[in-house]
Number of protein chains: 2
Amino acid sequence: MEPDILELESFLPYRLYRLADAISREFSKIYKERHGLTRPEWRTLSGLGQRGTMTATELGEQSAMHKTKVSRAVAELERRRWLTRTPDENDRRVEHLALTKTGLAAYREMVPLAKAFERELLARTSAEERGAVARGVAALEEALEEKR
Amino acid sequence: MEPDILELESFLPYRLYRLADAISREFSKIYKERHGLTRPEWRTLSGLGQRGTMTATELGEQSAMHKTKVSRAVAELERRRWLTRTPDENDRRVEHLALTKTGLAAYREMVPLAKAFERELLARTSAEERGAVARGVAALEEALEEKR
DNA sequence: TTTCGATGGTTACAAATGAAACCAGTTTGG
DNA sequence: CCAAACTGGTTTCATTTGTAACCATCGAAA
């Protein structure tokens, strides 16, 4: 344990990123294979399915995406006719986005798959470990928030 | 808690990715500002600093990078004269990579910064929470491994 | 009201990434 | 011995991403 050496494998930012990336990549296979969605597109679909109607800005906040990602994802889903835009009555810069029937159908099909993925992953851990995951993630979220 | 709705904010793959991405991004500012390194370059530097000498394949395994990323990162660090390649005696496809004095100096400068980052982040959590992080991450790593 | 800074969203351009093709060299099985 | 399969590593090409500039609209303040 030399003091001037960094052990990459146990360095938290790396370890966490590697884990998250692996999980996310594994999960992404599902919506990629199924519908050819990118991650931003999946998040957009998911956000709108969950909340019903949102603006692009709200979508970006909810799903931690840069506005260009949102913009492009929305454009693609619109092209597929999975969502529609409705101009805001009062503020003409804003558009309210909502899923079409087709979009909603895709969403409804994806939800169980997503839940199953999470369930199957967590099924391989003990109740105690699941508690640790929850507390650990929450603690880091807060810590990062404070640190900035 | 409707059964046919997925709550993105608490969906583990999303939440974990978002956390890891935020932390990694925050940390990357350090090596980006300091030396203009990309993440693959930082990992390469870090891997070689830690282990002394590695082949490109080993680097990829250690730091979970696709071989094209390794290839490009190595090329860039070589261009900066931060590392050198030495052909393997027995297998002429293989090159052994090692940091130069300059590369090592950069590594030595980065290590304390990396450790400080991690320490400062964890300092904002309780000992109990740090334990939870450790157990949680380990559990998920295993669970994912089993799942595949 | 006009002007000026902020805001919602898109676009253009450069850089990073991933997949697949590729080149060299190496191993294996007939 | 030799072809075929495999491995280490690079390159090419298409796609994705990030940054910054941009356009339109809005709100506040002069």
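Every chain is numbered from 1 and lettered A, B, ... according to where its sequence line falls, protein lines coming before strand lines. Every heavy atom of this structure was used, including side-chain atoms; hydrogens, water molecules and symmetry mates were not.
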Subject >> Annotated protein contacts, base or backbone, on nucleotides 6-16 of chain C with a non-hydrogen cut-off under 4.0 Å, one of B, S, - each >> reply: BBSBBBB---S
Subject >> First and last nucleotide of DNA chain D, 5' to 3', lying under 4.0 Å from heavy atoms of chain A >> reply: D/dT16 to D/dC26
Original post:
Any idea which heavy atoms bring A/Pro40 and A/Lys69 closest together, and the distance?
Top reply: CG-CD, 3.9 Å
Original post:
Looking only at heavy atoms, what is the nearest atom pair of A/Ala98 and A/Thr53, with distance?
Top reply: CB-OG1, 3.7 Å
Subject >> DNA chain D: 5'-proximal contact among A/His66 and A/Arg92 (nearest heavy atom) >> reply: A/His66
Original post:
Looking at B/Thr102, B/Leu37, B/Thr100, which one forms a side chain to side chain contact (heavy atoms under 4.5 Å, CB included) with B/Arg80?
Top reply: B/Leu37
Subject >> Residue A/Arg108 excluded, over 12 heavy atoms near CZ under 6.0 Å >> reply: no
Original post:
Between B/Arg72 and B/Glu76, is there a salt bridge with N-O shorter than 4.0 Å?
Top reply: no
Subject >> Within 6.0 Å of CD in A/Glu89, more than 12 heavy atoms from elsewhere >> reply: no
**OP:** Locate the shortest heavy-atom distance separating B/Ser24 from B/Arg39; write the atom from each residue and the value.
**Re:** OG-NH1, 2.9 Å
Original post:
Got A/His35 and A/Glu41 here, is their nearest side-chain heavy-atom distance under 4.5 Å?
Top reply: no
**OP:** Please round to 10 degrees the angle between the axis of the first five pairs and the axis of the last five pairs in the helix from C/dT1-D/dA30 to C/dG30-D/dC1.
**Re:** 10°
Original post:
What are the two closest non-hydrogen atoms of B/Ala56 and B/Leu97, and how far apart are they?
Top reply: N-CD1, 3.9 Å
Original post:
Hey, does A/Asn90 reach any base, or is it just sugar-phosphate, or nothing, if we go heavy atoms under 4.0 Å?
Top reply: sugar-phosphate
Original post:
Using the ring of each side chain (for Trp, its six-membered ring), is B/Phe27 parallel, tilted or perpendicular to B/Phe117, with breaks at 30° and 60°?
Top reply: tilted
